[in-house]
Number of protein chains: 2
Amino acid sequence: MNIKNSLSRVDLFNGLSSGQLDDVARIVSLRKYNNGDIVFLDGDAAVGFYMVAGGRVKVYKVSPDGKEQIMHIFGTGQPFAEVPVFAGSHYPANAEAMESSTLFFFPKKEFIRLIHENPSLAMNMLASLSQRLKHFSNLVEALSLKEVPGRLASYLLYLSDRNGSIDEFGLDITKAQLASFLGTIPETLSRIFAKMGSRELARIDGPHIVILDREGLEDLAEGESKL
Amino acid sequence: MNIKNSLSRVDLFNGLSSGQLDDVARIVSLRKYNNGDIVFLDGDAAVGFYMVAGGRVKVYKVSPDGKEQIMHIFGTGQPFAEVPVFAGSHYPANAEAMESSTLFFFPKKEFIRLIHENPSLAMNMLASLSQRLKHFSNLVEALSLKEVPGRLASYLLYLSDRNGSIDEFGLDITKAQLASFLGTIPETLSRIFAKMGSRELARIDGPHIVILDREGLEDLAEGESKL
DNA sequence: CGCTGCGTTGAGCTTCTTCAACGATCGTGG
DNA sequence: CCACGATCGTTGAAGAAGCTCAACGCAGCG
């Protein structure tokens with residue numbers, strides 16, 4: 001069956017028996033969203049959590065004057081919004097589809113029952129939350145201890161690694177979204193890209209990036225040099 | 001027995017039977033630290049996690065040029081450094097005792113075994129990690145979307161709430177530490193305290209705070225006004 | 001063709017940090 | 001008991017980083 005098959009490929013359900021996967025599949029429902037559709041808003045009452053079956057979703061906060069901070073971008077196979085399942089009962093941020101997306105929805109009560117009966121599922125969920133905490137801890141470190149050029153350099157190196165440590169790759173989000181993710185604004189990002197270009201650290205051509213000086217970027221990322 | 005008694009009072013072990021508490025107590029060891037002692041350093045191999053039995057511990061990151069960001073301050077009853085138990089195997093930050101402190105240490109392998117056998121313990125741990133995620137999400141929001149006066153106002157209001165929503169209370173950390181927690185430096189913090197004083201928002205006398213204008217502070221915290 | 005969204009660039013300004021100096025408090029040892 | 005150094009906090013002046021506002025180029029698309 002289609003849903004069960006998707007679930008079986010996902011970290012969160014690693015090590016579950018076929019019967020246990022059936023139990024999970026039984027409580028899941030599918031939801032479809034178009035680009036820009038809101039999945040939930042900060043403060044909404046939460047009755048369950050989601051997992052990306054296809055597409056991408058951004059989770060973000062907004063300041064009163066409209067500035068947006070992307071906390072996380074989730075792709076296929078990644079669960080999100082688990083927090084209110086285990087602590088509190090409201091979503092602590094907004095979520096919006098960044099493209100046409102299909103999401104699995106897991107109702108809170110039923111899922112908690114499954115966890116009680118299923119230690120591996122609990123362990124997987126603990127691993128997933130811990131992973132998330134690491135991500136946030138990096139984000140805090142970046143926002144507080146690095147300047148924007150350093151954050152951008154880190155992100156470029158991260159993208160490069162994710163693509164197999166090659167020096168040439170494409171941005172998979174718009175620059176405005178990247179700015180929001182890095183905790184800055186498009187204008188600032190643009191200027192820094194320009195500087196990286198003129199310093200021969202990287203060549204930027206639209207969404208196409210070529211890393212020219214990996215060492216230089218690493219120094220920037222570690223705060224050991226400036227632009 | 002002393003340890004078991006302490007454990008029984010702690011959220012993480014809520015709902016555990018006496019026998020289960022014994023199981024936990026059996027794997028715990030006690031460690032003592034003086035003010036300023038390092039509990040672990042960023043990158044250290046992690047063989048377990050900790051819980052504060054008495055005293056206080058700060059978990060923090062440091063930038064190459066020495067600036068420090070306090071991620072979290074843990075007091076009695078709070079577990080910390082659980083992340084490497086479930087994801088990765090190295091501590092992702094530094095931890096240091098802020099006063100004479102006694103910590104429980106839980107070895108990773110044994111604790112994981114207990115979790116497997118004990119669904120409530122797993123659920124409690126999930127709740128604890130979720131709580132932590134909420135904390136970080138607030139921290140990210142503050143660092144990225146609020147200016148320092150807003151963060152300070154939030155913190156003062158938080159302290160007030162924690163003391164029963166009264167308008168008069170003491171700072172329980174030094175101003176330098178508070179600065180590090182708010183993602184700024186003592187000089188900046190000092191200037192903002194001075195401004196809050198002259199605007200009659202709060203009176204600051206050493207570590208003693210009196211909130212004079214709660215509404216004004218709330219506006220600041222929400223980014224709806226400036227200093 | 002003109003609209004709209006994305007990205008870039010410039011000028012000015014705000015916020016925060018840096019650097020330096022100084023006052024107050026506190027514990028220690030002479 | 002006082003002097004000393006250390007820690008903590010405050011204040012001033014200057015500078016850096018990033019934001020705001022505004023204008024504009026460019027591509028895709030109805």
Side-chain angles (χ1 to χ4, degrees), chain A residues 34-36 58 62-70 96 98-99 142-153 170-198 202-209 220 223 225-227, chain B residues 34-36 58 62-70 96 98-99 142-153 170-198 202-209 220 223 225-227:
Chain A
N34 291 315
N35 184 2
K58 70 174 177 185
V62 182
S63 78
D65 46 310
K67 194 186 165 193
E68 177 183 304
Q69 171 70 44
I70 295 182
E96 180 186 318
M98 297 171 75
E99 50 193 79
L143 289 172
S144 160
L145 301 179
K146 292 180 187 173
E147 299 173 348
V148 182
R151 293 179 226 158
L152 176 55
L171 280 183
D172 53 354
I173 53 178
T174 69
K175 292 185 179 176
Q177 287 166 336
L178 177 54
S180 164
F181 185 67
L182 297 178
T184 184
I185 56 175
E187 291 94 321
T188 299
L189 180 63
S190 182
R191 291 183 232 273
I192 293 171
F193 264 137
K195 275 199 190 175
M196 283 187 171
S198 64
R203 196 147 44 72
I204 294 93
D205 180 18
H208 185 122
I209 311 281
L220 255 187
S225 68
K226 303 242 167 190
L227 265 187
Chain B
N34 292 316
N35 185 2
K58 69 173 175 184
V62 183
S63 76
D65 47 308
K67 195 185 166 193
E68 177 183 304
Q69 171 70 44
I70 295 182
E96 178 186 321
M98 298 172 74
E99 50 193 77
L143 290 172
S144 159
L145 301 178
K146 293 180 184 174
E147 300 174 345
V148 182
R151 296 178 224 159
L152 176 55
L171 280 183
D172 52 354
I173 53 179
T174 70
K175 292 184 181 178
Q177 287 166 337
L178 177 54
S180 164
F181 185 66
L182 297 178
T184 186
I185 55 175
E187 290 95 322
T188 299
L189 181 63
S190 181
R191 290 182 232 273
I192 293 172
F193 264 137
K195 274 198 189 175
M196 282 187 171
S198 64
R203 195 145 45 71
I204 293 92
D205 181 17
H208 185 121
I209 311 282
L220 254 188
S225 69
K226 304 242 163 189
L227 265 185

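Below, read A as the first sequence line, B as the second, and so on, with proteins coming before strands; counting in each chain starts at 1. This structure is a prediction, so every number in the text was calculated from the model and none was measured.
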>> Checking contacts here: which listed nucleotide (C:dT17, C:dT9, C:dT15) is nearest the side-chain heavy atoms of B:Lys67?
In response: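 Closest of the options to the side chain of B:Lys67: C:dT17.
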>> With heavy-atom distances below 4.5 Å as the criterion, would you say the side chains of B:Leu152 and B:Leu220 are in contact?
In response: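 B:Leu152 does not reach B:Leu220 side chain to side chain.
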> Which parts of residues 171-184 of chain B get close to DNA chain D, meaning a heavy atom less than 4.0 angstrom away?
Replying inline: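 B:Thr174, B:Lys175, B:Ala176, in order of number.
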> Going by the side chain to side chain donor-acceptor pair (under 3.5 Å) test, which pairs reach into residues 180-190 of chain B, not counting sequence neighbours?
Replying inline: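 Counting only pairs at least two positions apart or across chains, no side chain to side chain donor-acceptor pair (under 3.5 Å) contact touches residues 180-190 of chain B.
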Which whole-number value in Å describes the distance from [X] [atom1] to [N] [atom2]?
X: B:Glu68; N: C:dT17; atom1: CD; atom2: C1'; value: 17 Å
X: B:Leu189; N: C:dT15; atom1: CG; atom2: P; value: 17 Å
X: B:Arg151; N: C:dT15; atom1: CZ; atom2: C1'; value: 11 Å
X: A:Arg191; N: C:dG10; atom1: CZ; atom2: P; value: 9 Å
X: B:Asn35; N: C:dG27; atom1: CG; atom2: C1'; value: 14 Å
X: B:Ile185; N: C:dT15; atom1: CD1; atom2: P; value: 16 Å
X: A:Glu147; N: C:dC16; atom1: CD; atom2: C1'; value: 11 Å

Residues in side-chain contact (heavy atoms from CB on, under 4.5 Å) contact with [X], at least two apart in sequence or another chain:
X: B:Glu96; value: B:Ile38, B:Lys58, B:Tyr60
X: B:Ala194; value: none
X: B:Asp172; value: B:Arg56, B:Tyr155, B:Leu159, B:Arg162
X: A:Glu147; value: A:Pro149, A:Lys226

>> If you assign B:Glu187 and B:Leu227 each to the DNA chain C nucleotide with the nearest heavy atom, which residue ends up on the more 5' nucleotide?
In response: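 Of the two residues, B:Leu227 wins.
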>> Taking any atom closer than 4.0 angstrom to a non-hydrogen atom of chain B, what span of DNA chain D does the protein reach, first nucleotide to last?
In response: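 Extent of the interface on DNA chain D: D:dG9 to D:dA13.
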> Are A:Leu189 and A:Phe181 close enough, and set up right, to give a side chain to side chain contact (heavy atoms under 4.5 Å, CB included), and what steps lead you there?
Replying inline: CA-CA 11 Å; A:Leu189 180 63; A:Phe181 185 67; over 6 Å; no
Suppose we screen for side-chain hydrogen bond (donor to acceptor under 3.5 Å, both in side chains). Which residues come up paired with [X], at least two apart in sequence or across chains?
X: B:Asn34; value: none
X: B:Asp65; value: B:Ser63
X: A:Lys175; value: none

Look for any protein N or O under 3.5 Å of an N or O in nucleotides 3-5 of chain C and output each such pair with its distance, or none.
none

> Would you say the side-chain atoms of B:Gln69 pair up with the backbone N or O of B:Val62, donor to acceptor, closer than 3.5 Å?
Replying inline: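 Checked: no pair found.
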